[in-house]
Amino acid sequence: MRLGVAMSKRSVLIGALSLALVFDFILFICACYSCRKCYVSPCEEGAGLEDMYRVNDGMGFQLVIISMVIAAHAGHSVMLINKGLTPSAFGYLTGSVMVLVIA
């Protein structure tokens, strides 16, 4: 019975990380699409208004990079769990989650 509980926890964790990968892929597509797009339609004209109502390059770049980092973390976590969660691997996974949350 103990093995069944461990397998179900492993399956839930892999399922949650896989779901995070799917949502992250959607975030990546939306981030690539939304660069330099306006928040409102039609886009406001004028130097100041255009900057205020538009997704600037820095924000778009930030979204793309964040989505790639989250995808790498979730993919690596799934691979780590499939290999077997040893105490050192668990510590690595926990530490990387903390770094991802803080950053």
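- Legend: residues meeting side-chain hydrogen bond (donor to acceptor under 3.5 Å, both in side chains) with Thr94, ordered by chain and number and at least two apart, are absent.
- Within 6.0 Å of CE on Met52 lie more than 12 heavy atoms contributed by other residues, nucleotides or ligands.
- Criterion: ILVMFWY side-chain heavy atoms under 4.5 Å apart, direct or through other members. Under it, Leu63 and Phe23 are not part of a common hydrophobic cluster.
- For Leu80 against Ala89, the heavy-atom pair with the smallest separation is CD2-O, 3.6 Å.
- When every heavy atom of Ser67 is checked against every heavy atom of Leu27, the shortest pair comes out as CB-CD2, 3.9 Å.
- The shortest non-hydrogen separation linking Gly60 to Val55 is N-CG1, 4.2 Å.
- When side chains are defined from C-beta on, Leu17 counts as touching Ile81, because their heavy atoms get closer than 4.5 Å.
- Cluster membership for Leu21 and Phe28, using ILVMFWY side-chain heavy atoms within less than 4.5 angstrom, is not shared.
- Transitive grouping of hydrophobic side chains (ILVMFWY, heavy atoms separated by less than 4.5 Å) keeps Ile26 and Val64 in distinct clusters.
- Within the 4.5 Å cutoff, side-chain heavy atoms of Asn82 are placed close to those of Arg10.
- The salt bridge (charged side-chain N to carboxylate O under 4.0 Å, His left out) contacts involving residues 11-34 comprise nothing, where partners must be two or more places apart or lie in separate chains.
- A continuous path of Ile, Leu, Val, Met, Phe, Trp and Tyr side chains, each step under 4.5 Å between heavy atoms, connects Ile14 with Phe90, placing both in one hydrophobic cluster.
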